[in-house]
Asks: 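This structure is in structure tokens; I'll ask about it shortly.
Position 1 is the first residue of the sequence, and the numbers go up from there. Here the structure is a predicted model, which is why all the values come from computation and not from measurement.
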Amino acid sequence: MASYKSDFLNAVTERGFMHQCTDIDALDARASTEIIPAYIGFDCTAPSLHVGSLLPVMLLRWLQKTGHKPIVLMGGGTTKVGDPSGKDESRQLLTTEKINENMDGIKSIFSKYLTFGDGPTDAIMVNNADWLDTLQYIDFLRSYGPHFTINRMLTFDSVKLRLDREQPLTFLEFNYMILQAYDFLELSRRNDCLMQMGGSDQWGNIVNGVELGRRVDSTQLFGLTTPLMTTSSGAKMGKTAAGAVWLDGAQLSPYDFWQFWRNTEDADVGRFMRLFTELPLDEIARFESLKDAEINEAKKILANEVTKLCHGEDAAKKAAKTAQETFEGAGTSTDLPTVELPKAELESGIPAFDLLRQAGLASSNGEARRLIKGNGARLNDQVIQDETQVISLSDNNENGVIKLSAGKKRHILIRAAE
């Protein structure tokens with residue numbers, strides 16, 4: 001592995017963040033002698049970020065830990081357009097109010113990973129609506145349109161893959177890459193930003209920005225991308241049968257978040273430790289070499305470390321304790337995720353398949369029925385044999401709750417709401 005002068009490039013290459021970089025030697029020279037302000041953009045398409053966004057968040061954290069300045073760009077403007085990268089169809093267009101609401105939900109996540117302030121390496125947060133919302137269309141086209149050729153834009157993956165699948169690409173979305181390049185130019189001018197980082201699917205958009213800065217302002221800018229995140233079995237990172245793995249504790253409990261990492265595939269433990277924790281590399285190498293039952297202990301350490309960063313040390317300890325009590329102890333921990341249902345409804349009773357769906361352990365009644373038929377659903381640790389079995393308050397356990405399980409690792413407590 002190449003060795004660099006700058007702590008930043010050494011850290012990101014050793015830990016597996018590096019995929020592509022423009023003029024890495026020039027970037028290394030500057031990063032070893034000066035503070036590099038660098039940004040990553042986050043569009044506001046949901047009320048929280050999910051695990052799929054954790055890689056860029058951690059990249060910004062390492063940027064700051066190695067003495068540089070993170071810029072978090074909130075896509076208040078670009079979310080109105082929609083990034084076509086990796087999509088087979090147009091994103092649903094959100095109202096300005098919904099975008100702002102989502103932005104408020106996302107902002108709080110970054111304070112867990114970055115130090116914000118006015119210092120030279122303190123992180124800052126900006127919103128591209130500040131400049132995109134006031135663009136004069138004709139003036140913008142005349143100033144920047146000549147720097148983009150349709151020929152080249154058609155070769156970028158975000159466009160090419162959509163067209164290859166014969167899926168429509170609207171002119172609105174086609175503009176996205178121009179706006180992203182313009183964002184880089186604006187951040188260069190406003191905040192002396194020198195580098196844009198992002199996932200490998202953003203490479204074309206990032207290079208556009210690097211080139212626009214050179215052509216318009218004669219400024220040397222840099223781009224760096226991370227690998228596409230998949231598990232070793234090829235599954236997309238951050239998705240489970242139960243849905244997205246959110247970073248916001250209000251969207252997904254710290255226990256479920258901890259459990260997601262505890263269920264990491266054996267082959268991914270070392271890689272995920274390097275990317276998503278700050279454990280020393282030699283320690284990670286030791287964990288990576290473990291086999292069989294021992295690797296499960298390494299998975300618990302991974303879950304503890306990632307949860308500690310996202311939700312705090314107390315939440316990580318509580319999640320680990322809950323898991324231990326649930327899987328290794330008597331069977332029910334009162335700290336498991338809880339769903340409250342109306343007392344009157346539970347008094348009259350609810351069919352098992354419907355309760356599984358209401359509890360979020362199945363996405364539909366059909367999925368719940370299949371789970372029961374496959375002996376994968378349990379009531380208070382006993383297999384549910386009949387999908388129409390009525391579950392009511394009479395099924396409360398000694399803790400005054402009903403414990404529902406889907407498989408061995410997903411558990412919910414049902415509690416009556418007064």
Asks: Indicate every side-chain donor-acceptor pair of residues 103-121 with a distance under 3.5 Å to a residue at least two apart or in another chain.
Replies:
from: S108; atom 1: OG; to: G105; atom 2: O; distance (Å): 3.3
from: S111; atom 1: OG; to: S108; atom 2: O; distance (Å): 2.8
from: K112; atom 1: NZ; to: C310; atom 2: O; distance (Å): 3.2

Asks: Once you measure the plane-to-plane angle for F276 and F272, does it fall in the parallel (<30°), tilted (30-60°) or perpendicular (>60°) bin?
Replies: perpendicular

Asks: If you count the non-hydrogen atoms of other residues, nucleotides and ligands that lie under 6.0 Å from CG in D314, is the total more than 12?
Replies: no

Asks: Taking salt bridge (Lys or Arg N to Asp or Glu O under 4.0 Å) as the test, write out the residues that go with R190, two or more places apart.
Replies: E186

Asks: Could you tell me whether a side-chain N or O of D139 sits under 3.5 Å from a main-chain N or O of L135, the two making a donor and an acceptor?
Replies: no

Asks: Do T78 and Y176 make a side-chain contact, defined as non-hydrogen atoms from C-beta onward lying under 4.5 Å apart?
Replies: yes

Asks: Under 3.5 Å, side-chain donor or acceptor atoms of residues 280-289 against the rest of the protein: list the pairs with distances, not counting sequence neighbours.
Replies:
from: E288; atom 1: OE1; to: R274; atom 2: NH1; distance (Å): 3.2
from: E288; atom 1: OE2; to: R274; atom 2: NH2; distance (Å): 3.1
from: S289; atom 1: OG; to: R286; atom 2: O; distance (Å): 2.7

Asks: Is the shortest side-chain heavy-atom distance between L279 and I301 below 4.5 Å?
Replies: yes

Asks: Side-chain contact, heavy-atom cut-off 4.5 Å: M273 with E305?
Replies: no

Asks: Going by the rule side-chain hydrogen bond (donor to acceptor under 3.5 Å, both in side chains), which residues pair with D7 if we only count those two or more places apart in sequence or in a different chain?
Replies: none

Asks: Holding to side-chain hydrogen bond (donor to acceptor under 3.5 Å, both in side chains), I want the full list of residues that pass it with T22, two or more places apart in sequence or in another chain.
Replies: none

Asks: Only one of I412, L361, L341, L379 passes side-chain contact (heavy atoms from CB on, under 4.5 Å) with L355; say which it is.
Replies: L341

Asks: Just to verify, what does D354 make a salt bridge (Lys or Arg N to Asp or Glu O under 4.0 Å) with, not counting sequence neighbours?
Replies: R357

Asks: Would you mind reporting whether I206 and T225 have side-chain heavy atoms less than 4.5 Å apart?
Replies: yes

Asks: State which residues pass salt bridge (Lys or Arg N to Asp or Glu O under 4.0 Å) with D268; sequence neighbours excluded, sorted by chain then number.
Replies: R271

Asks: For a side-chain contact (heavy atoms from CB on, under 4.5 Å) with L224, tell me which candidate from Q20, H19, M197 qualifies.
Replies: M197

Asks: Excluding sequence neighbours, so at least two apart, what forms ring-ring contact (aromatic ring centres under 6.0 Å, His included) with F353?
Replies: none

Asks: Kindly state each residue pair satisfying salt bridge (charged side-chain N to carboxylate O under 4.0 Å, His left out) with at least one member in residues 216-229, sequence neighbours excluded.
Replies: R189-D217

Asks: How would you list, by chain and number, every residue that makes a ring-ring contact (aromatic ring centres under 6.0 Å, His included) with F140, sequence neighbours excluded?
Replies: Y144, Y182

Asks: Between Y39 and I124, is there a side-chain heavy-atom distance shorter than 4.5 Å?
Replies: no

Asks: Within the distance-only criterion (no hydrogens, no angle test), does the side chain of N263 pair as donor or acceptor with the backbone N or O of Q259 below 3.5 angstrom?
Replies: yes

Asks: Has the side chain of R262 got a donor or acceptor atom that lies under 3.5 Å from a matching backbone atom of A320?
Replies: no

Asks: Please test Q202 against Q180 for side-chain hydrogen bond (donor to acceptor under 3.5 Å, both in side chains), starting from the C-alpha separation and ending with a verdict.
Replies: CA-CA 10 Å; Q202 296 295 316; Q180 186 170 331; 3.1 Å; yes

Asks: Within a strict 4.5 Å, meaning less than it, do heavy atoms of the H147 and V216 side chains meet?
Replies: yes

Asks: Kindly write out the residues that satisfy side-chain hydrogen bond (donor to acceptor under 3.5 Å, both in side chains) with Q220, not counting sequence neighbours, or none if the list is empty.
Replies: D23

Asks: Got a second to check how far W258's CH2 is from T307's OG1, nearest 0.5 Å?
Replies: 8.0 Å

Asks: Would you check if L221 and L212 make a side-chain contact, meaning some heavy-atom pair closer than 4.5 Å?
Replies: no

Asks: Which residues pass the salt bridge (Lys or Arg N to Asp or Glu O under 4.0 Å) test with E211, not counting sequence neighbours?
Replies: R152, R215

